[in-house]
Amino acid sequence: MSRRLETGGLFIDRNAPMGFTFDGKDRGGFGGDTLASALLACGQLVMGRSFKYHRQRGPVSCGAEEPNALVGLGEGGLFEPNARATITPLTEGLRAISQNRWPSLAFDIGAVNAKLSKFLPAGFYYKTFLWPRAFWKHVYEPAIRRSAGLGKPPSQPDADRYEQVNTAADVLIAGGGVAGLAAAMEAGRNGARVILMEQGPRWGGRALIDAPLTGETIDGQPAADWIEMAVDTLETMPNVTMRLHTQVSGVFDHGFALAEERCADAGPAPVRARLWRIRARRIVTAQGAIERPLAFAGNDVPGVMLAGAVRDYAVGYGVAVGERVVVVTAGDDGYRTAIALVEAGLAVPALLDVRRGATGPLVERAQALGIRIEEGRGIAHVSGGQSVTGVSICAQDGPGEVIEEIACDAVAMSGGWSPAVHLWSQAGGKLTWDEGAAMFRPDHARPPTGADGSGFVLPAGGSDGAASTEDALRSGAEAGRLAAEGGVPADLAPPQAAPMPQVWVMPRDAGLALREKMWLDFQNDVKVSDVELAAREGYRSVEHAKRYTTLGMATDQGKLSNIGGLATLGHALGEAIPQVGTTTFRPPWTPIILGSIAGSATGAQFQPVRRTPMQDWHDANGADYEPVGQWRRPYSYPREGEDREAAAQRETRAVREAVGLLDASTLGKIVVKGPDAGRFMDMIYTNMMSNLAVGRCRYGLICNDSGFLMDDGVVARLSEDTWLCHTTTGGAEHIHAHMEEWLQTEWWDWQVYTANLTEQFAQVVVAGPQARKLLDRLGGMDVSREAMPFMSWAEGSLHGFDARVFRISFSGEVSYEVSVRASEGAELWQALLEEGEDLGVTPYGTEAMHILRAEKGYVMIGEESDGTITPQDLNLGWAVSKKKADFIGKRGLTRSHLADPERPRLVGLRSLDGTVIEAGAQVVGPGVTPTGQNATEGRVTSSYHSPTFGHGIAMALIRRGPERLGETVEVTRIGGGRQKAVLVDPVLYDAKGDRLNG
Amino acid sequence: MQGARQRPPGRRIGKGPGLQRYSVFALARQARRHHLGWQRAWRDAQPKRAYDVVIVGAGGHGLATAYYLGKNHGITNVAILEKGWLGGGNTGRNTTIIRSNYLQDASAALYEKSRSLYETLSQELNYNVMYSPRGVMMLAQTEGEVRGYRRTAHANSLQGVATEFIGPERVKQLCPIIETKGPRYPVLGALWQPRGGTARHDAVAWGYARACSDMGMDIIQRCEVTGISSENGHVTGVETTRGSIATRKLALVTAGHSSVLAEMAGFRLPIESLPLQALVSEPIKPCMDVVVMANTVHGYMSQSDKGEMVIGGGTDGYNAYTQRGSFHHIEETVRALVETFPIISRLKMLRQWGGIVDMTGDRSPILSTTPVGGIFVNCGWGTGGFKAIPGSGWAMADLLARGAPGPIAGPFGLERFREGRMIDESVAAGVAH
Amino acid sequence: MAEITVTRRTPGMVLLRGDLSSDALREAASAVAGAPMPERRQASLSGDTGILWMSPDEALILLPEGRAAEAARALSQRLEGVHHLALDLSDARAVFEIEGPWLREVLAKLSPADLHPEALPLLEVRRTRLAQVPAAFWIEAEGRARLICFRSVADYVEGLLRRSVEDGPVGLFA
Amino acid sequence: MLILTCPYCGVAADETELSPGGEAHLHRAGPGSEDASVEAYLYHRSNPKGVHFERWRHAYGCGKWFHSARDTATNDVFGTYPAQVTETPQNILEAIAQRRPGWERPQ
């Protein structure tokens, strides 16, 4: 059973005891512990259940690659599922729960899957659950989903805050081990802007633990001293930024790198995590290497761990994972662990080295300590259920005849080390297979390339295959120097890697019975036999095998299982590992919090809300808003006992009978000025604008070059060389952009300037029979029908405001649009309300505006038009110039389908029973389509209840509509049924225009 | 056509001597033999010198095209050429959403045909593609979207597509983790297709591949087409990294690389290749039993059978063949979904990836003859190709067999771009005033 | 974080479009602004007035509050016959003054621009984005920056800046 | 995440400060042109896997349209240049020739 050692523990502070709970039980640990080390110290070896078979799992690693020890942390708005216990810093009062088990970690119903495992090989679900059909959705699938899924979903919104930060660097260094520190010092000394990031809570990486075991020194100093010196030196460099608890998680095109800083891991912080968006000229990857498990039967029994992890727990955290630990290794690394354990006072009944005749300082040290070394030996199988009780040893070269059984309570395994090539590969760096070292390492000749086509990622230390601290130091320093100079990886000599025999299954000739118990992917329960099955069934591409078996698709993304899987597949296919190739590496290096990706863009900052100068008044007067782009426009202003629709009806009546006010500030206002402005206007608009008289207004249409309607609005000629274009709210930005695009990219020699004045002005529509009287009361400008006829405009001082007044109408009533500087908008609005009180002045919203324009038969961009509609479709052919030689869309409009007389065209529609037809309803056509659908011959574009006429009114686009007035058609109803309606003239209100011109 | 390869259409997969039938009983039998008795799902074929039909691209669309050529038209002397590994393109990279709630008649016909084929695909192929009709909802979060989706619901009612427009309460009931009262974009309703859902993307490709192989077709992987030869306006064959292959009928079904193949054949397509990205969270226990698409904020999400939240968003705006998109699109998507589903904020992104999608001038696909006789294209599926696989294969097989488009493919011909006859699905989104 | 303050300012602003290299334009602008026409991306300021280079054919003239309308008229008179566009845009923009030791970090959290002193020297105008909206800022002196955005999103931008301040320094440039 | 240098204001702009504008050097087919050329102008795109000439707008900066020459398979950037040209400038073509020997512009 695992326990805390009486002494030792470089990382922990025995004077800082901490209390925490696991599955509700009170536990204790020390400052500096991880959750995993503290649990082990308490004898809690089993920390989770596997994904598929729900087998009990203990931690297998001591770091970010952990596939097993996943727990739920915290509660309520602070609950986090799937946290890796091995990298979770222990904090006072931490609450952790185990996952993927029911009812309890010790007893889990799901574990029945393990009993059934022989029926559930890789891909079993593709082969069954076929009948009866409905069972998949209702029985099988829910069962599968419930048994999968690991942690519980959070039940409440996130109570934490996150932020992002953008910065640039000459050199970004991922990993703060010896190589990373050395790289940072070199780059720093060269004066480069350096950012050094380390995912863990301390600098120095493995050297802290490993170097002393062999008496290795760095630059002649003890590792700890050198690391301290390095950190001190770097901290004095103003051009170097250092961060712990920060993983460089992704490398993208053009030197963009992503890093997640877990601020809260370092102690209380205003934000839980900070996402760094870094532009780096060069990136040094120094994330080290990942130890590989060995594939022997029972290698998933809790207590079987990576050798490096076993000694990290012992030396770093003062934790014994067992009293008697059998070490099995394919290389030198196992010796380090054996030595560390013996020095910590624990028993190592045997060190099984698959090699023969291994020599070197480590071997000698182990012999000197009297450790029993068995050469050419491996593990036939591990005994034990909830924990290890012993191992049966056998010859590695052979089928696995048991030579001896050794009692032990833990196993430390080392299958060699794989360089962490993830960041290198993410942005397109290629790998090369090193046969002698049995590893994929970065191919310096085929690096990820940046904007200039040169390699911008330089691997260093263990990430580049370095085996010794000395090599890590050298390669780190070299990479740092090159990076600072903007050098490329081709100029970087790969460090020496340790020779390593290829031991993919243990024993080499293990039979099926053993291979069915050799785990490759501990979390997803993928065994050697599963990969062999995939190969047998023809899933021979590495991607097929991965997807078929789910190997490497667990939350560790194959950090432990990939190489073993590839080797097994290669063996099954009779192909060498490089022929098999690797799967693609994708960001992130380790999972990053979705909240940190969203950053501060939550709540009010989620998206900008644009406000008009009168918005405060709308807020204060109960406006019911609708989003229009980023604006929020009042839909209506409901009063006590009114809903938004009733309010819209009242507002409509007020405009027809008295006078209404509409906040039209959101409508686009674009100035076009210059000697060639007239010519330009004639290209932008479908109708003629160059001949518009100064002081007059004209309604105009804008098409794209395909001939489809983009926008409409009233244009005013301000002066000889200046036009003011009103656009829809949605059009303000994109019509201005449209104009600039044509000016800059097609007619750049024309002398025209444009400016978007939309936000400079507040604009109020004053509409209704009392509109003129109201403006007269404000005083200062002559707005009489003589002085200001329909479609004219004037400038003056209205009630003391510098104002532009346009006599234009979107309602069919006498109507003025008053435009003043934005900062005076609220005052103007207030003045209009006060002066107009006894005239029944009524603010109205977008819905009343819609009803009014529909009664008058005016079209609305985005309702009657949808990007596939021509002016002719809307009976606006009169606004498409025949005279002009060219305008944007002229040629497009002549294409056969756009000119087709059979196209749907605009008409009014009135239901026979007077009820409101549903907007969007389809007009049912005769017969069926070739694909057997009911034919349609049009659709209802907009539909309202008209308070003016007391019945429903609608506009529709119907095939040859205008030629069919009086005809009765059927329109659809949501929820089935049809409705009869008759085609009518869309202009229902004041067809002669007396009121408009009055 | 070689008589020897003639076969009655519609033979049930795995009934013949050729293929082992999958079932729970077979599984039990194999369990006793440690699963040593399972045969290859498909043969790794060597290219022959000539075929009646050559299909470039062994993704879902190419394999489905081949399958229906055999099943519906009895044409089995077919090669499917794949540059990499089958199903390795967008078929294996998408977010697996299946729906047919389209506005335009032509689209609805195509996607509903496809969806209905998915209903029985597992049984037909004797391979569980895990079609899960859990329901797809498209949230309406602006008045404009309400109008657009109501319009679609009306259209669907005539197209025989079962959809309804539901209110916010029903939305909340169907998907409790949605924040329907969000301050910025409260959910005003949704277009709901109860028989929409998801399927296991790899299984669709593998199931079709297994069936094609069983019909005697040659699936040739790691075989890249390097040239297309033709004589007086008609195709004669293709050059590949594994030799020349003669054929009189060539189907280009290479989403992402369609323009590259068209270039070889000597014509241009109204297509741009754009990166599209997706991501998954770490797996959690089931908390979402429907597919939700939120177009105002540009994000969609569903939960896989493994428990991962599968998340997708919009494409990058520039051409690229890198299968790597730009991270800010991931940020926009995640931002939108955290706002819509607040509980996901503390989940972690496990993996992000990208694919290359072809975007056409009207965002609708192309199933068409081409300027070169005997060459047919199936492309332009944009971000929505997975859902179309069976229907696309069905219609494409029809086009190949008869040399002219049938009723489903008809509207999707290349000539529509000359005529201006766009099939534009984005129209439901228009908002102005 | 009290050490950073964010204050709304309301200067007069005139948009001037024209050939910024032409003498006529440079003289007219300088006369109105009381500062020489700046070089590319620069701000040329004298006290409360000055000129910001916005693009090869666009400058923004800063003036005391309420002076923009007349200034725009004056410009157009001086430039009679010269192709140009001069408009009072004071109400179309919002201006913030940010003061404090780590204001570069306040901005670095919101803009993709590199805020490092070498990348953004004093008085260089950076037109960029602040979170999701367009903005322009320049650092007048270490510890004092000005930022311009559209008026309609002023509340949003102020919210961004305040939250960035609340969440504290990053320790990047400070 | 691309970085492109705006030839007008000289800013090395982050992708998020730019808006893409599709293929460059298209020739507008106006009134009088053939159906085929209108179709080509509106819809046909070279969409090469390799060297590509494209339009960008420095939307969150100086607002100017410019062109870039970029490899769509690697995202190498050969250079950016103003939009007020009908042909690709010589220096850009030379930069391409240097890094992509033997490259020819597709017709």
Side-chain angles (χ1 to χ4, degrees), chain A residues 166 168 250-258 277-281 427-428 447-456 587 683 704-708 733-734 736-750 754-756 884-898, chain D residues 1-5 8 12-17 19 21-39 41-43 51 55-59 62-80 82-86 95-96 98-100:
Chain A
N166 301 275
V251 173
F252 302 76
D253 290 310
H254 291 194
F256 181 81
L258 203 63
R277 308 167 88 257
I278 304 166
R279 287 290 186 176
R281 198 157 57 93
T449 54
D452 62 359
S454 67
F456 70 95
M683 288 302 292
N704 56 30
D705 226 4
S706 311
F708 296 121
E733 278 70 33
H734 85 255
H736 181 239
H738 174 73
M739 290 178 172
E740 278 295 322
E741 178 177 352
W742 283 95
L743 270 178
Q744 291 182 37
T745 65
E746 195 73 18
W747 304 309
W748 60 79
D749 51 336
W750 295 14
T754 72
N756 185 349
K884 291 194 291 184
D886 192 7
F887 60 82
I888 296 168
K890 184 178 174 74
R891 177 60 179 86
L893 277 166
T894 64
R895 293 183 295 161
S896 62
H897 186 68
L898 280 72
Chain D
M1 292 289 275
L2 311 182
I3 301 183
L4 298 171
T5 299
Y8 292 95
D14 184 89
E15 189 183 314
T16 58
E17 299 174 291
S19 50
E23 185 168 352
H25 305 303
L26 296 176
H27 293 292
R28 177 170 183 250
S33 34
E34 297 295 317
D35 281 0
S37 45
V38 174
E39 180 188 11
Y41 155 61
L42 289 175
Y43 302 108
V51 178
R55 314 187 314 150
W56 292 85
R57 187 181 186 212
H58 194 184
C62 68
K64 295 302 177 207
W65 281 92
F66 65 90
H67 292 169
S68 85
R70 181 177 58 89
D71 187 317
T72 59
T74 64
N75 283 330
D76 283 22
V77 176
F78 306 100
T80 57
Q84 287 77 37
V85 295
T86 49
I96 296 168
Q98 198 187 8
R99 278 155 65 182
R100 295 288 183 278

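Both backbone and side-chain heavy atoms feed into the values below; hydrogens, waters and symmetry mates do not. Lettering follows sequence order; numbering is per chain, from 1. All values derive from a computational prediction rather than experimental measurement.
For chain A, the nearby parts of D/Ser33 are the backbone and the side chain; heavy atoms of each come within less than 4.5 Å. When heavy atoms are compared at a cutoff of 4.5 Å, A/Ala737 approaches chain D by way of both its backbone and its side chain. Residue D/Leu42 touches chain A through its side chain alone, counting heavy-atom pairs closer than 4.5 Å.
Proximity of a side-chain donor or acceptor of A/His254 to a complementary backbone N or O of D/Asp76 within less than 3.5 Å is not detected.
Interface summary for chain A: among D/Asp14, D/Thr74, D/Asp71, the most heavy-atom pairs under 4.5 angstrom belong to D/Asp14. No other option in D/Gly21, D/Pro31, D/Ala29 has as many heavy-atom pairs under 4.5 Å with chain A as D/Pro31. Of all the listed residues (D/Trp65, D/Tyr43, D/Tyr41), the one sharing the greatest number of non-hydrogen pairs under 4.5 Å with chain A is D/Trp65. Of all the listed residues (A/Asp705, A/Thr449, A/Asn704), the one sharing the greatest number of non-hydrogen pairs under 4.5 Å with chain D is A/Asp705.
Distance NE2/D/His25 to OG1/A/Thr745: 11.5 Å, rounded to 0.5 Å. Rounding to the nearest 0.5 angstrom, the gap separating the CZ atom in D/Arg28 from the CH2 atom in A/Trp747 is 5.5 Å.
Among residues two or more places apart in sequence or in another chain, the salt bridge (charged side-chain N to carboxylate O under 4.0 Å, His left out) test is passed with A/Asp452 by none.
The heavy-atom pair separating A/Arg279 from D/Glu15 by the smallest distance is NH2-N, 4.1 Å. In terms of heavy-atom proximity, A/Trp748 sits nearest to D/Val85 at CH2-N, 3.8 Å. Considering all non-hydrogen atoms of both residues, A/Gln744 and D/Lys64 come closest at OE1-CA, 3.2 Å.
With salt bridges taken as basic N to acidic carboxylate O contacts below 4.0 Å, none links A/Glu740 and D/Arg57. Salt bridge D/Arg70/A/Asp253: absent, no basic N to carboxylate O contact under 4.0 Å.
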query: After noting the C-alpha distance and the side-chain angles of A/Glu741 and D/Arg55, does the key distance pass the salt bridge (charged side-chain N to carboxylate O under 4.0 Å, His left out) rule?
result: CA-CA 11 Å; A/Glu741 178 177 352; D/Arg55 314 187 314 150; 2.5 Å; yes
